[in-house]
Number of protein chains: 4
Amino acid sequence: MKNTYGTSVAVTIFGESHGEYIGAVIDGLAPGIAVDNDYINHMLLLRRPDGKISTPRKEKDELKIVSGVINGKTTGTPITILIPNEDTKSADYSSMITIARPSHADYTAECKYHGFQDSRGGGHFSGRITAALVAAGAICKFALEQKGVYIGTHVKKCAGIYDREFEDYINDIKSLSVKTFAVLDDSKTEEMTNAIIDAAAKGDSVGGVLETAIIGMPAGVGEPWFDSMESQLSHMMFSIPAVKGIEFGKGFEISDMKGSEANDAMKIADGKIVTVTNNNGGINGGITNGMPIVFRTAIKPTPTIFQPQNTVDFKNMTEEILEPKGRHDPAIVHRARIVQDAAAAIVLCDALTIRFGTDWLR
Amino acid sequence: MKNTYGTSVAVTIFGESHGEYIGAVIDGLAPGIAVDNDYINHMLLLRRPDGKISTPRKEKDELKIVSGVINGKTTGTPITILIPNEDTKSADYSSMITIARPSHADYTAECKYHGFQDSRGGGHFSGRITAALVAAGAICKFALEQKGVYIGTHVKKCAGIYDREFEDYINDIKSLSVKTFAVLDDSKTEEMTNAIIDAAAKGDSVGGVLETAIIGMPAGVGEPWFDSMESQLSHMMFSIPAVKGIEFGKGFEISDMKGSEANDAMKIADGKIVTVTNNNGGINGGITNGMPIVFRTAIKPTPTIFQPQNTVDFKNMTEEILEPKGRHDPAIVHRARIVQDAAAAIVLCDALTIRFGTDWLR
Amino acid sequence: MKNTYGTSVAVTIFGESHGEYIGAVIDGLAPGIAVDNDYINHMLLLRRPDGKISTPRKEKDELKIVSGVINGKTTGTPITILIPNEDTKSADYSSMITIARPSHADYTAECKYHGFQDSRGGGHFSGRITAALVAAGAICKFALEQKGVYIGTHVKKCAGIYDREFEDYINDIKSLSVKTFAVLDDSKTEEMTNAIIDAAAKGDSVGGVLETAIIGMPAGVGEPWFDSMESQLSHMMFSIPAVKGIEFGKGFEISDMKGSEANDAMKIADGKIVTVTNNNGGINGGITNGMPIVFRTAIKPTPTIFQPQNTVDFKNMTEEILEPKGRHDPAIVHRARIVQDAAAAIVLCDALTIRFGTDWLR
Amino acid sequence: MKNTYGTSVAVTIFGESHGEYIGAVIDGLAPGIAVDNDYINHMLLLRRPDGKISTPRKEKDELKIVSGVINGKTTGTPITILIPNEDTKSADYSSMITIARPSHADYTAECKYHGFQDSRGGGHFSGRITAALVAAGAICKFALEQKGVYIGTHVKKCAGIYDREFEDYINDIKSLSVKTFAVLDDSKTEEMTNAIIDAAAKGDSVGGVLETAIIGMPAGVGEPWFDSMESQLSHMMFSIPAVKGIEFGKGFEISDMKGSEANDAMKIADGKIVTVTNNNGGINGGITNGMPIVFRTAIKPTPTIFQPQNTVDFKNMTEEILEPKGRHDPAIVHRARIVQDAAAAIVLCDALTIRFGTDWLR
């Protein structure tokens, strides 16, 4: 099955943690869209580990676009992005090859690939591959902004510490785009960072919740039944490693509400139909209603920890104690937020192109 | 875009609340699979409103299979299911046509279909259409059981009342298949039912959380990146009306755990690799690991309530007060559980057929 | 795998020769398109056997549309068409069940469906199913005509007798739409009909070549590389039973031409870019150029003949002589032409919707 | 829309004639398949222009595989192939940018990409991109051979000169794999080569017919109706530039035959069901019957010729005389044959994997 997401705008990703290149192909993006390398590099920078609360792996992400862009504009034909891997110390991982790291894909990869998978650094399952997703999504996200569609993700919760709610969507989203640590309430940065450092000090890791808001989406996008806007977004979000849940609008909280509380009353404002509340997160019956699309994902704590763990050697069928080595992140939630932005951008470009045609984005 | 889910086993659904038939086409299901009408009818019965805590609409769901089955066995070619609509009092709905019911698809359907949508009883967006999904899924679910794959869904929470956890998966799942009100702890039936009746008495509605367990899935199924097992299941689940969230394993709770708590240690039991805990819900790296797949969905309270609501007439662009009439459910969570079973069965048949070939299910 | 063609406009077909219904589901067709039952019935009539040069099976094709159309207009949600089977003398076929009819799908169906296929009258492989394709295509074809896109197919050759070339496309296409036997030169009707009758008298059958012209297609439609306009059309045409070849423009003849003869010189006429010749059949690089799309298909002679044939009993693995009984066509080329029209219409609706968005056709 | 072919094994291609790299991503190929660089390079060599009867462009095709292969075996995750472009004299093409070359994609690309397409050397429409297709297909073809499935294509006709028929399939196919000029009757090599040189001397070009045979395909592969084996193969073949027709078995010739002549009688040989003739080219009802799959494609003469041609400047809307410069092929039929082999291999890997599961090919 294919590593391709999308129907009308389609993204294919490839690569392994310790291979020569990781990368992506974007196809179906309209011709004439500006491709801003600074914008892409900025998004890659926000994904990159910074050494203090992330793995010290040095990644320069020197991306090359080798097809589909001329004179800074998309041609309309496939855009190919290559990102070279550097600083790959594969020796660190050599002892892990048949000893499964708990809650990683090592054992499931074995079940699917029968020993032929690249197990160096997680291989094709490495979070490293999300750099390719970010680069592809950055091109899509920039294109959407030219059409008035903006996406922003913040760390809603990390290590049990909450950021504030979105208030002024457009300004909040814009503020996030320049923050290294994506919280709306800047006073939370240090608090969350300290919690991550604290977990790292104990050889442990933490997770969190990411919240994404999308504004400017036209009403009437999404395909009932089986390609509802929620179906499309969730399909993509569960491609991001570590995501174990997604909820739209009030999400799980809505299951405790009464209908009279949960329903979004409607009114007319400035000649447009809007809802008074947005408990449904901008989507009804799988179709956008013009309100902000809001969703949250549950990000699990990084599974690699610096504590001994009970596991198995799946080749020798023996029980083992894993003593991990190598470089790893005590948290990825603060890095995953830009992956979530990028991933959402790909979904929206596809959905909008299906709805309004292949030229709509230019 | 198509109302078809799936690649190798594909289900198409059609129909409107007040049309002549609703139905489904299943294609790609292996030849020679037994089709048990009693089994299908039993699942349809569990979905059907019972009048006390559900809409009094009488639905007999007299399903006909008009292609793809001979002598009680699948032929391997498309299976077409027709369910006639009966007892459709469309007059009840006539006044709603341009006045949007809050949190329903009325307004978004207008945005997508420009006034041509069937607005009688919710038209194509009606929960009625889930009967077709249940019938299609029942055929798939029965086929899976012949291969040792079992699915069960219980009302984990309704109106704030919790059911117990799954304990003995196989027996719990089997017990659910014969319960009208799907709770594992039978003492919760009356409690939840009373809460629903209570909400109804106030002209209000309640939601809940559904939890599904799947056992017997082989390890090694699911396609990274973009067709992870979570991606496939969530894509489908968000096709079910009223679902606003989904989480796997510990789900959102995992985001508050430390890595050392969240990781599923591994061991060998009876010569097989298993995990000690199942916080990841049977899926790592998007691929099944052979443990039970466990996920929960958030079901919103039924949006139709018997209280006046502020809304708009989207044709005349006026603000209105909606005074609903007609027949509606004060809760659907107890009915949606069988839809969730059926929907999951379709996803698994597709995923297993992709993995192991078109003959695997027979 | 699915019996569904298309991405943005998708058609699913189902049914067997001797089942209760055959039918189709069309999804993704824009809302607000007029559905003209007379138009559909007229196309079904042109497909129907007439008794003299076709099987005497009486088919009334009393089609019902049970979803997706209200007040004569598409709603935008799935359109379901049902056509009841009548006059099905299954006894005629009972002896054929394990004796393969040469050049039919009997043996290959066995290889794929392992004995569970419906073998009555060819089951799902029966040409009867094309009635569903015609009904679905008729809705699409009518929609295209409202947008100025016209399709017509004539019997270019039958039993070695040639019809004339297309000359005045629009008038030729319109003339074909009302002809029972689709030739441009009416003097050929009797000649071809006699050849068919002559073959039938000898217990034999004949084939032919169908030529389709499409005018009014906008330039710039088609997706290189893998969804070229030729790829899309040929994919569909090879779904029609009996088609064994397809060629665009000059087709195989172009392989004998020099570049200087084959190239279509370009000029400006009435302010539009056109080609002087149309040897490429309206498509360059897989993309429409605004000229008429012209293609031809090779239709094999009906495989059921009234002569003894050497074959096998695939269950008993014995060699047998087949002495066919039942009702069959000495030719289908004159009936298949309307199937080809319908099939092309589905492809174009899909391609245009992908290109210009889901509302373009309304 | 995506430049991806396939469902279970999927190939994406990218690149432009004068870009940095062309390449391909293959996904879904089973793990553990040997990847033989010599085999791939040999196929690339057969596609490469040789200077005498082809463009003198020097292409080294120094392919790199940057993901998905370790220790010479597929991992099961995406395989990415990069081929650098060299020797790209873009100045040769600079004057053509808005003057359409007749029967090329220049004008249709303008209609689709609105002036943003890469027009250097045909850009994404260049035959150069077929090198990526050949490299991807070479991996698939080698994998098929390990399972006993062999593919071979010969120049059935070039400039009106015919090669002999396939006689001994397995030996004929093997002999083709080592021939630079793929004819079964070696005496035709010089004859066809001289015809090409002769056309070149006159500034003209020639076309031809390619015939492909596939042996070893299991019976029972192909998906009626809409993914018949012919549908799948033709869909792919019309992705190859210059293909204007395809026919299976007797193809267009069958349309002139009587049923009694065309039908393939069946018998039992060595305990297996076979057909006496193979007029249907190994496919009945869209499903393989175990006999050789045989098809032919019509290859048009290279559209670039060295004679003045009437055309238009599509930007300035003026009529122009095109006096072509640059490097071009007086024929591509002898080079396209290996593209056809490769393209067929991709289709078969996909079809077999859908049928028998993702592990079948290993």
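The chains referred to below are lettered A, B, ... by the order of the sequence lines, with proteins before strands, and numbering in each begins at 1. Since the model is a prediction, treat every value here as computed from it, not as a measurement.
In this structure, C/Asp350 has no side-chain hydrogen bond (donor to acceptor under 3.5 Å, both in side chains) partners at least two apart in sequence or on a different chain.
Crowding of B/Lys64 atom NZ: a count of heavy atoms from other residues, nucleotides or ligands under 6.0 Å exceeding 12.
Options B/Gly23, B/Pro31, B/Gly15, B/Gly123 differ in how many heavy-atom pairs under 4.5 Å they form with chain C, and the most are formed by B/Pro31. Contact tally against chain B (heavy-atom pairs below 4.5 Å) for C/Val11, C/Thr353, C/Leu82: the top residue is C/Leu82.
For residues 67-81 of chain B, a heavy-atom distance under 4.5 Å to chain C picks out B/Ser67, B/Gly68, B/Ile70, B/Lys73, B/Thr74, B/Thr75, B/Gly76, B/Thr77, B/Pro78, B/Thr80, given by residue number.
Note that the CD1 atom of C/Ile65 and the OH atom of B/Tyr21 stand 14.5 Å from one another [nearest 0.5 Å]. Residue B/Thr12 holds its OG1 atom at 12.5 Å from CD1 of C/Ile26, rounded to the nearest 0.5 Å. Here C/Thr4 contributes atom OG1 and B/Asn3 contributes atom CG; the two are 10.5 Å apart, rounded to the nearest 0.5 Å.
The closest side-chain heavy-atom distance from C/His114 to B/Asp359 is below 4.5 Å.
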